[in-house]
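Below is one structure, written out as structure tokens, with a few remarks after it.
First listed ligand is number 1; within each ligand, the first listed atom is number 1.
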Amino acid sequence: MSGYPYYIAGWQINALKFIPALRQGRSIPDPARPTLNILLIGSGGREHALAWALSASSIVSKLYCAPGNAGIADVAESVPIAVTDLDGLVAFAKEKRIDFAVIGPEGPLVAGLWDRFEASGIKAFGPSEKAAQLEGSKGFVKSLCSANDIPTAAYKRFKEAAPAKVYAETLGLPVVIKADGLAAGKGVIIAETKADADRAIDYMFDGSFGAAGQEIVVEEFLEGEEASFFVLTDGEHVLPLAGAQDHKRAFDGDKGPNTGGMGAYSPAPVLTQTIIDQALARIVKPTIAAMAARGMPYMGVLYAGLMITKDGPKLIEYNCRFGDPECQVLMMRLKSDLAPALIACRDKVLDNIDLRWHDDVALTVVMAANGYPGDYKKGSVIEGLDEAAKLPGVQIFHAATAREGGKLIATGGRVLNVTAMGPTVSEARARAYAAVDLIRWPGGFCRRDIGWRAVAREIKD
Ligand code: AMP
Ligand code: GLY
């Protein structure tokens, strides 16, 4: 590795020294280490996992999270500022002399929070507003893929329904219709019939998606197995993280409506080293190079949603942030200190960082409020978490919780991520469900088959 060691806040950092022991406790006091004030932005399970990892960092002395949740409050100081309040977040960071801000969700990234922090002299992890278009505009990504020979589904962009319908017919069935902008995971319709495709196109243009639906992408349906692949990048160097698979559908057997993700596990058996090498060489690295060449270098974590087809990996979509709930399983498996790696992305010294991972499998089960992803009630009481969290290898990340009068209540759709490690996916899964079964929450539900593909592979092998 070149340029080793490097410096953060004037202190020498040697990422290889960040050791697994960190996981067993909070930061290891060491006067020779820098002590940083970190502000994490977000309130979901992803942010709880990031807060958990950052709070164990030996270079973090103070961790704030805005706005956080009841679980995050155990490892960080909650700050009641919404992720949409960019002015408030920047003012708080200045007031508290934040050394580094970590932006979890896509919303504030696409809205330019990274740029706002940097303009105020606060270093931040995440892509700039321009670079966040990799998630913020599906049309932008598709054009970038075409210009750089990046394998993805055949597609066209449309601003009107009639030509979109004609093109959809040429692609055969099923066919995929997408709103161009951010639509909280609901902007994709896979149409099985021509009538469904026409309806989906009309639906996208009828204003339901607001600005996100002013332009649509019509694309070929890719056959294969989906996987999530994550890399850190400083705009030039690329550091692959582990792979993961999630379950997007609400119900067992991958049935029911699409959700933000009902469970995940890492590693993803379908992401073999060959597939990872192909994804890096054909998809991720050309994207990073193209973004730099366009004068909008991409920094932060890049999440490539891949379809592993018979012709190799193809890009379904990019996200400009960690996956949720994929981040939860990645953080469980990460042995190294997260903080220097994130800072190295911003400081453009990622080639100095090497990350180590547990070989064990991590699996997370999302517990969601009854009715999710449709209408659901907020405010139901959750009990039994303490007993569940004591099971070996189990870590419970909160996704939408608050404490009210000594009780833990659900405040959103996806509420808890019951996560466990194990030497095999079957064992990790058994542990996670043993913990789920200790949680008393009549207002919630979960899938009972998270990891089924990987478990089936394990049994076959
Ligand atoms: P996206 O919001 O682009 O991730 O799409 C949501 C989900 O729709 C993906 O996770 C896939 O399961 C599915 N999907 C999107 N595009 C395609 C495609 N071209 N072929 C097959 N499935 C797709
Ligand atoms: N789990 C899917 C996502 O974070 O987009």
Side-chain angles (χ1 to χ4, degrees), residues 42 44-47 49-50 104-107 109-110 134-142 145 150-156 168 171-192 197 200 204 209 212-213 216-230 243-250 254-266 268 270 301-311 313-331 364-366 368 373 397 399 413-414 417 447 450 453:
R46 166 183 52 215
E47 285 76 25
L50 291 172
E106 65 277 17
L109 288 166
V110 173
L134 279 186
E135 174 160 4
S137 169
K138 294 192 193 299
F140 175 85
V141 175
K142 284 300 201 177
C145 288
I150 294 171
T152 187
Y155 78 100
K156 276 193 178 159
L171 290 178
L173 291 167
V175 64
V176 184
I177 320 290
K178 301 182 173 183
D180 181 70
L182 289 185
K186 293 180 187 135
V188 175
I189 295 175
I190 297 175
E192 305 279 347
M204 295 273 172
F209 290 100
I216 67 166
V217 170
V218 176
E219 70 176 39
E220 166 200 16
F221 178 80
L222 295 174
E223 283 203 53
E225 191 171 331
E226 243 180 292
S228 308
F229 180 52
F230 299 87
Q245 271 179 303
D246 81 343
H247 294 264
K248 290 224 163 75
R249 303 293 196 97
D254 291 326
K255 302 241 161 47
N258 254 321
T259 69
M262 294 301 290
Y265 49 96
S266 171
V270 70
V301 58
L302 184 64
Y303 162 173
L306 302 177
M307 189 68 86
I308 315 308
T309 72
K310 59 177 176 25
D311 304 320
K314 292 192 178 180
L315 181 71
I316 300 176
E317 60 157 359
Y318 277 130
N319 294 307
C320 63
R321 36 122 190 135
F322 282 102
D324 188 350
E326 291 99 320
C327 184
Q328 290 79 313
V329 288
L330 294 188
M331 291 305 115
T364 188
V365 176
V366 171
F397 297 115
R414 292 191 296 168
N417 308 139
R447 280 182 57 163
I450 298 305
R453 269 201 194 84

Just verifying a value: how many Å separate [X] [atom1] and [Y] [atom2], rounded to the nearest 0.5 Å?
X      : Y      : atom1 : atom2 : value
Lys178 : Ile316 : NZ    : CD1   : 7.0 Å
Gln328 : Ser266 : CD    : OG    : 11.5 Å
Leu222 : Ile190 : CG    : CD1   : 9.5 Å
Glu317 : Met307 : CD    : CE    : 10.5 Å
Arg46  : Arg321 : CZ    : CZ    : 5.5 Å

Under 4.0 Å to a heavy atom of [X] - the qualifying atoms of ligand 1, by number:
X      : result
Phe221 : 20 (N), 21 (C), 22 (N)
Met307 : 21 (C), 22 (N)
Lys248 : 10 (O)
Lys178 : 3 (O), 15 (C), 16 (N)
Ile190 : 13 (C), 22 (N)
Lys138 : 2 (O), 3 (O)

What atoms of ligand 2 come within less than 4.0 Å of a heavy atom belonging to [X]?
X      : result
Glu326 : 1 (N), 2 (C), 4 (O)
Asp246 : 1 (N), 2 (C)
Gly323 : 4 (O)

> Judged by non-hydrogen atoms, does Glu223 sit under 4.0 Å from ligand 1?
Replying inline: no
>> Side chain or backbone, does Asp324 bring an N or O within less than 3.5 Å of an N or O on ligand 2?
In response: yes
With a 4.5 Å cut-off on side-chain heavy atoms, are [Y] and [X] touching?
X      : Y      : answer
His247 : Tyr265 : yes
Glu106 : Asn319 : no
Leu171 : Val218 : yes
Leu306 : Lys314 : no

> So is there a nitrogen or oxygen of Ile316 less than 3.5 Å from a nitrogen or oxygen in ligand 1?
Replying inline: no
>> Check this for me - ligand 1, Glu219, N or O atoms closer than 3.5 angstrom, yes or no?
In response: yes
>> Counting non-hydrogen protein atoms only, what is the nearest one to atom 5 (O) of ligand 2? Give residue, atom name and distance.
In response: Arg321 NH2, 3.0 Å
> Run the side-chain hydrogen bond (donor to acceptor under 3.5 Å, both in side chains) check on Ser228 and Glu326 step by step: do they pass?
Replying inline: CA-CA 8 Å; Ser228 308; Glu326 291 99 320; 2.8 Å; yes
> When you measure from atom 1 (P) of ligand 1 to each heavy atom in Glu226, Glu317, Lys314, Glu135, which option holds the nearest one?
Replying inline: Glu317
> Hey, is Phe322 touching ligand 2 through its side chain, its backbone, both or neither, going by heavy atoms under 4.0 Å?
Replying inline: neither
>> Quick check: closest heavy atoms across Gly45 and Asn417, and the distance to 0.1 Å?
In response: CA-OD1, 3.2 Å
> Is Glu220 touching ligand 1 with its side chain, its backbone, both, or neither, if touching means heavy atoms under 4.0 Å apart?
Replying inline: backbone
> Any idea which part of Val188 is under 4.0 Å from ligand 1, heavy-atom wise: side chain, backbone, both or neither?
Replying inline: side chain
> Non-hydrogen atoms of Ala264 versus ligand 2: any pair closer than 4.0 Å?
Replying inline: no
> Within the side chain of Glu223, is there an N or O that forms a donor-acceptor pair under 3.5 Å with the backbone of Thr309?
Replying inline: no
